[in-house]
Student: 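Sharing a structure, written as structure tokens. Questions coming.
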Amino acid sequence: QLGRAGGPPRQLLPVPAAGHQTVAVLSGAASVTASSYGSWIADTQQDDPASAFDGNPATAWEEGNEWSPVKQWIQIGFAGRPDLPASIGIRLLDDSTTREIASLLRVSTAAGSVTTRVAATGEVQPLKVVPGRTSWLRITIAGARRVHLGYPGAGISDVLIPGVQVTRLLQPAQDPAGTQAASTVF
């Protein structure tokens with residue numbers, strides 16, 4: 001019997017589920033990746049790497065290495081090849097006195113790499129970039145403060161690149177015309 005223990009589930013879908021999946025897609029970037037993310041001790045889905053590029057200071061990327069944030073990185077693959085300026089804005093995740101926080105950040109692009117010493121603040125501050133066209137940008141934590149085993153990981157709340165704002169969207173299944181089940185109004 002449908003829906004009974006040991007039986008097939010009761011489906012409330014207008015079409016068979018196979019091949020009809022809602023998936024997450026990015027808008028504003030080709031890709032966003034990271035060496036790690038989230039807490040190793042708690043469920044923190046809001047610490048997705050794309051959150052560092054969404055322009056919302058209430059969301060962030062948090063690295064997920066329990067030992068040290070040093071050498072952890074976040075990278076954006078641009079949809080095109082923007083001409084980056086010599087400086088962009090960055091806002092570090094600084095929501096707790098026990099959170100590890102970056103002190104030195106290395107920015108790498110196709111045009112080269114440069115390192116910037118950053119203040120321990122959640123305010124927007126400048127981050128050096130080798131200017132020029134690139135299809136990607138990587139920020140690596142090269143130094144950190146308040147590093148202790150078990151502390152919440154270092155993170156980035158915002159990377160402010162002119163003309164770039166990333167949003168993670170849900171894309172519903174794209175059914176070809178004419179194959180959907182008839183609708184019923186109750």
Student: Would you say the side chain of Glu63 lies within less than 4.5 Å of the side chain of Ser35, judging by non-hydrogen atoms?
Tutor: no

Student: Quick one: does any side-chain atom of Thr121 pair with a main-chain N or O of Glu123 as donor and acceptor, under 3.5 Å?
Tutor: yes

Student: Do you know the tightest heavy-atom contact between Ala50 and Leu26?
Tutor: CB-CD2, 4.0 Å

Student: Among all residues two or more places apart in sequence or in another chain, which pass the salt bridge (Lys or Arg N to Asp or Glu O under 4.0 Å) test with Asp94?
Tutor: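 For Asp94, the residues satisfying salt bridge (Lys or Arg N to Asp or Glu O under 4.0 Å) (neighbours in sequence not counted) are Arg146.
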
Student: Heavy atoms, side chains only, cut-off 4.5 Å: are Ile88 and Leu160 in contact?
Tutor: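 Side-chain contact under 4.5 Å: no.
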
Student: Let me confirm one number: the OG-CD distance from Ser68 to Glu100, rounded to the nearest 0.5 Å.
Tutor: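 The distance works out to 6.5 Å.
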
Student: Cut-off 3.5 Å, side chains only: do Thr33 and Ser31 have a donor facing an acceptor?
Tutor: no

Student: How close do Val166 and Ala29 get, counting heavy atoms only, and between which atoms?
Tutor: CG2-CB, 3.6 Å

Student: Mark yes or no for whether Glu62, through its side chain, and Gly153, through its backbone, hold a donor-acceptor pair below 3.5 Å.
Tutor: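 Checked: pair present.
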
Student: To the nearest 0.5 angstrom, please state how far the OG1 atom of Thr140 sits from the CZ atom of Arg106.
Tutor: 4.5 Å

Student: Using a distance-only test with no angle check, is there a side-chain donor-acceptor pair under 3.5 angstrom linking Ser36 and Asn65?
Tutor: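 Asn65 and Ser36 do not have a side-chain donor-acceptor pair below 3.5 Å.
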
Student: If Ile, Leu, Val, Met, Phe, Trp and Tyr residues are connected whenever their side-chain heavy atoms lie under 4.5 Å apart, and connections chain through other members, are Ile156 and Val118 in the same group?
Tutor: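 Shared cluster, yes.
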
Student: Does Trp136 reach the side chain of Gln75, with side-chain heavy atoms less than 4.5 Å apart?
Tutor: yes

Student: When you look at CZ of Arg81, are more than 12 heavy atoms from neighbouring residues, nucleotides or ligands closer to it than 6.0 Å?
Tutor: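 Yes.
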
Student: Is there side-chain contact between Val129 and Thr109, with at least one heavy-atom pair below 4.5 Å?
Tutor: yes

Student: On a heavy-atom basis, which atom in Ala102 and which in Arg145 lie closest, and how many Å separate them?
Tutor: O-NH1, 3.4 Å

Student: Looking only at heavy atoms, which two atoms of Arg91 and Gly122 are closest? And how far apart?
Tutor: CG-O, 2.6 Å

Student: Of all the heavy-atom pairs spanning Pro49 and Phe53, show the shortest one and how long it is.
Tutor: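 What the structure gives for the nearest pair is O-CD1, 3.8 Å.
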
Student: Report yes if the side chains of Asp158 and Ile90 come closer than 4.5 Å at any heavy-atom pair, otherwise no.
Tutor: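 No. Closest side-chain heavy atoms not under 4.5 Å.
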
Student: Do Leu93 and Val159 belong to the same hydrophobic cluster, where Ile, Leu, Val, Met, Phe, Trp and Tyr are linked whenever their side-chain heavy atoms lie under 4.5 Å apart, directly or via other members?
Tutor: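 Cluster IDs for Leu93 and Val159 differ.
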
Student: Does any non-hydrogen side-chain atom of Phe78 lie less than 4.5 Å from one of Leu137?
Tutor: yes

Student: Step by step, would you call Thr134 with Asp83 a side chain to side chain contact (heavy atoms under 4.5 Å, CB included)?
Tutor: CA-CA 7 Å; Thr134 186; Asp83 192 3; over 6 Å; no

Student: Restricting to non-hydrogen atoms, name the atom on Ser87 and the atom on Pro126 that form the minimum distance, rounded to 0.1 Å.
Tutor: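 Closest approach of Ser87 to Pro126: OG-CB, 3.5 Å.
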
Student: Are the side chain of Ser157 and the backbone of Thr59 linked by a donor-acceptor contact shorter than 3.5 Å?
Tutor: yes

Student: Given Leu105 and Leu127, is the side chain to side chain contact (heavy atoms under 4.5 Å, CB included) satisfied, shown in steps?
Tutor: CA-CA 8 Å; Leu105 296 173; Leu127 183 65; 3.9 Å; yes

Student: Taking C-beta and beyond as the side chain, do Val164 and Ile76 meet within less than 4.5 Å on heavy atoms?
Tutor: yes

Student: Got a second to check how far Ser51's OG is from Arg168's CZ, nearest 0.5 Å?
Tutor: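 Between Ser51 OG and Arg168 CZ, I get 8.0 Å after rounding to 0.5 Å.
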
Student: Using the test salt bridge (Lys or Arg N to Asp or Glu O under 4.0 Å), find all partners of Asp95 that sit at least two apart in sequence or belong to another chain.
Tutor: Arg99

Student: Evaluate Asp48 against Trp61 for side chain to side chain contact (heavy atoms under 4.5 Å, CB included), listing each step before the verdict.
Tutor: CA-CA 5 Å; Asp48 179 330; Trp61 164 68; over 6 Å; no

Student: Side-chain contact, heavy-atom cut-off 4.5 Å: Leu84 with Arg133?
Tutor: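 Sidechains of Arg133 and Leu84: no contact.
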
